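Everything below concerns the one structure shown next.
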Amino acid sequence: MTTRILTVDDIEINLRLLEMTLEELPAVIDRSLSGLDAIEKAKEHEYAVILMDINMPGMNGFECVEKIRFLPLHRLTPIIFITAAGDQENYVRKGYGVGAIDYLHKPFDENILISKVSILLALFNERKNTEEALTQVRLLQRQHEQLLNFTAEGIIGLDVENIVTFANTAACTLLTAQRNDIVGQSIKDFVDPLSKTKDWMTSDFVQTFNESQCNQNDNAHFWRNKQARFPVQYTQSSIIEDDQRKGGVIIFQDISERKEIENQLINLAKFDQLTGLSNRSLYWEFLEKVTANAHRVGDNLCVLFLDLDHFKDINDTLGHDAGDLLLVQASERLKSALRNADLIARLGGDEFAVVLQEMTSINDAANVAQKIIEIFSQPFYLFGKDAYVGTSIGIASFPEHGTDAITLTKAADTAMYHAKKSGRNTFKFFDDDMHMRIQSHLEVTNDLRLAIKNRDLLPYYQPIIHIEKNEISGFEALARWNHKDKGMISPGIFIPIAEEAGLIEDLGKFMLLEAGKQAHQWFGGDHCNIRKNLTIAINVAAKQLKQKNFSHQILTLLEKHNISANYIKLELTESALMDDPIDVIRQLKVLRKAGITIAIDDFGTGYSSLSYLKKFPIDYLKIDQSFIRDIGEDQNDEAIIRAIIQMAHSLGQKVIAEGVETQQQLEFLASLNCDYAQGFLFSKPVPWNDAEQFLPM
Ligand code: C2E
Ligand code: MG
Ligand code: MG
């Protein structure tokens with residue numbers, strides 16, 4: 001911007017003189033030969049200084065200045081009168097009266113004029129700069145305010161006393177208050193002090209400010225309209241200047257919706273949706289917590305396991321809606337019989353659990369159980385019909401029957417099972433007998449774990465005979481466990497335990513390796529030619545097949561021990577195949593490609609449809625011994641055997657009959673062109689050194 005000086009005088013030469021004097025100054029010099037012209041110019045430009053003659057025709061300097069002062073641009077413009085000698089006293093008073101700041105008398109001292117005007121110019125420029133800076137600041141302030149008002153977060157500014165100095169639009173909306181009702185108030189009116197035990201001054205909120213810190217809290221509450229609490233997430237930070245806290249800022253969000261969703265999720269994860277009772281996961285969480293606590297304080301507690309008697313009948317006869325209604329009513333009855341401190345959970349189906357705390361004696365639990373049995377013996381009213389269901393209850397108490405959640409639960413479950421067995425609608429405490437049984441199951445599991453590790457298991461071998469040629473075709477390897485105290489344990493007992501304890505994969509690997517090595521020794525080397533088509537069959541449990549890389553594991557193991565896949569036959573049960581047929585088919589194809597043969601074990605006892613079977617890459621069907629046993633007695637079984645053989649042959653599969661004990665059975669099978677037979681008629685499963693006699697020499 002150009003800085004301007006206005007010089008006013010009716011005498012041209014005077015103006016010229018002024019111009020020459022001020023020439024050097026950094027300003028444009030405008031000139032007016034009359035008061036009227038000066039006013040026009042002053043309307044147009046803002047002047048840093050006006051130098052004004054007094055005596056002028058028409059309008060004198062005083063009148064002119066009076067008018068100029070009315071112009072908004074010139075309310076504060078410094079005006080210096082330049083006057084010839086005359087009635088000085090009078091002039092001076094008049095001049096200051098209309099707003100002059102100074103007087104100069106003609107002839108003036110040039111230096112004084114220059115110095116005065118330059119100071120005024122400097123002041124003017126200073127003022128202009130300040131004004132401009134102020135405009136900038138105002139603009140910025142407006143921008144910030146708009147920014148703050150457009151954000152969805154509530155933003156509140158505080159002074160050093162925590163009094164609100166600023167609240168953006170969102171803050172007003174979230175707190176449902178007018179800005180005037182927020183600004184000027186203490187923030188205390190809007191913030192919940194977080195903890196009931198703390199008062200405001202010692203609350204985290206105030207402490208954070210006192211310590212000039214920043215803090216984020218996503219589990220707090222603010223007050224809406226001073227009466228409704230709502231959940232917020234906020235950030236608070238102190239404003240620090242020169243190491244002093246000057247105030248603070250709070251940015252907050254209403255998180256009611258998020259909390260609501262979180263609660264719903266917690267609800268879904270922890271509560272049974274049908275009955276509103278705790279679910280299995282909350283039951284475990286709770287029981288783990290209270291057992292840990294009971295350890296510390298030496299409390300008693302009891303777990304009751306309930307199972308409704310004949311619930312299935314209700315479902316089957318009255319339908320699932322009636323079943324659901326019954327469960328809802330049953331949970332209502334349970335709630336009515338128990339105290340609030342007791343946890344009631346639905347564990348699934350018609351199974352409930354109750355955790356009783358603060359028991360004075362074990363009789364308390366018996367009384368509660370009896371009370372539940374009584375209220376459950378009243379009829380349930382289901383869609384217009386009376387239905388009778390009782391309940392069987394098992395009770396286990398802490399610490400007698402277990403000191404952790406799992407043991408207590410198992411004990412209560414076992415006791416419940418006994419209550420059911422002893423005639424239902426009754427309760428049973430877990431007792432020593434049950435304890436012994438669980439204990440021995442646990443022991444067997446542990447022993448088995450060790451036996452697999454220490455290779456105390458061993459395969460027995462049972463020969464499989466080609467019926468027509470009357471020649472051996474191979475063996476089935478059957479696991480045997482010679483237990484140090486209990487003697488020989490049958491696989492019928494330890495295989496299910498191994499499956500349950502997650503040991504079946506190790507057992508399977510062990511058997512494959514042992515039998516595979518045996519096969520290599522028997523069929524490999526010099527005997528190659530006469531024994532080259534013999535195989536050893538190994539049983540594969542359903543669980544083993546479930547492993548995604550099952551085929552790969554087997555082939556790697558064989559390769560590692562240099563065992564030919566051609567010696568190996570795998571026996572799988574129908575149900576194992578049906579678990580994940582697509583994957584099983586894929587894995588079987590890989591195995592067969594490598595030279596392994598596949599047999600379906602216990603065929604006829606599963607549920608697979610015959611037509612489905614052709615989809616599986618299978619070499620042998622083993623007819624289950626239950627059919628063979630009845631040959632000569634049950635014509636139905638004979639018909640089934642005939643059908644199985646015909647079907648298998650038409651699909652290009654060979655048939656093995658299991659459990660062949662008599663000559664008559666063998667002859668019957670031969671008459672139907674059954675391919676192979678296995679059973680006590682030829683030999684029981686025997687250790688390897690006894691099995692060797694069956695090998696062709
Ligand atoms: P399986 O695979 O069907 O084995 C045939 C069972 O019938 C064997 O019982 C065998 O001793 C028995 N057996 C053979 N011939 C006759 C006979 O003429 N009469 C009678 N009454 N029984 C006969 P075992 O050895 O007790 O095995 C029972 C089951 O345990 C096996 O049935 C198999 O499913 C499972 N098993 C055995 N060893 C293993 C193994 O290493 N792994 C897996 N996963 N399961 C195995
Ligand atoms: Mg078998
Ligand atoms: Mg079998």
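Everything numeric in this text was worked out from a predicted model, so none of it was measured. Ligands are counted one by one from 1 in listed order, and the atoms in each one are counted from 1 as well. By convention here, the first residue in the shown sequence is residue 1.
Using 4.0 Å as the threshold, Glu661 has a heavy atom nearer than that to some atom of ligand 1. Using a 4.0 Å heavy-atom cutoff, Ser490 is absent from the residues neighbouring ligand 1.
Looking at Asn539, Ile538, Val660, it is Asn539 that brings a heavy atom closest to atom 43 (C) of ligand 1. Counting heavy atoms only, Arg480 comes closest to atom 25 (O) of ligand 1 of the residues Glu476, Lys684, Arg480.
Contacts of Tyr461 classified as ring-ring contact (aromatic ring centres under 6.0 Å, His included), with partners at least two apart in sequence or in another chain: Trp522.
No hydrogens or angles considered: nothing links the side chains of Tyr417 and Ser392 as a donor-acceptor pair under 3.5 Å. Under the 3.5 Å distance criterion, with hydrogens and angles disregarded, a donor-acceptor pair is assigned to the side chains of Asn539 and Glu476.
Between Asn539 atom OD1 and Asp601 atom OD2, the angle centred on the Mg ion (ligand 2) amounts to 80° (nearest 10°). Rounded to the nearest 10 degrees, the angle OE2 (Glu476) to the Mg ion (ligand 2) to OE1 (Glu571) equals 90°.
Residue-level proximity to ligand 1 for Glu658 is carried by the side chain, the only part with a heavy atom below 4.0 angstrom. With a 4.0 Å cut-off on non-hydrogen atoms, Ile495 touches ligand 1 through its side chain and not its backbone.
Using cut-offs of 30° and 60° on the angle between ring planes, the pair His401 and Phe429 is tilted.
Each of the atoms 3 (O) of ligand 1 lies under 4.0 Å from some heavy atom of Asp602.
A salt bridge links Glu571 with Lys622: the distance from a Lys NZ or Arg NE/NH1/NH2 to an Asp or Glu carboxylate oxygen falls below 4.0 Å. Between Lys420 and Asp309, at least one side-chain N (NZ, or NE/NH1/NH2) sits under 4.0 Å from a carboxylate O, which counts as a salt bridge. Using a 4.0 Å cut-off between charged side-chain N and carboxylate O, Glu661 and Arg629 make no salt bridge.
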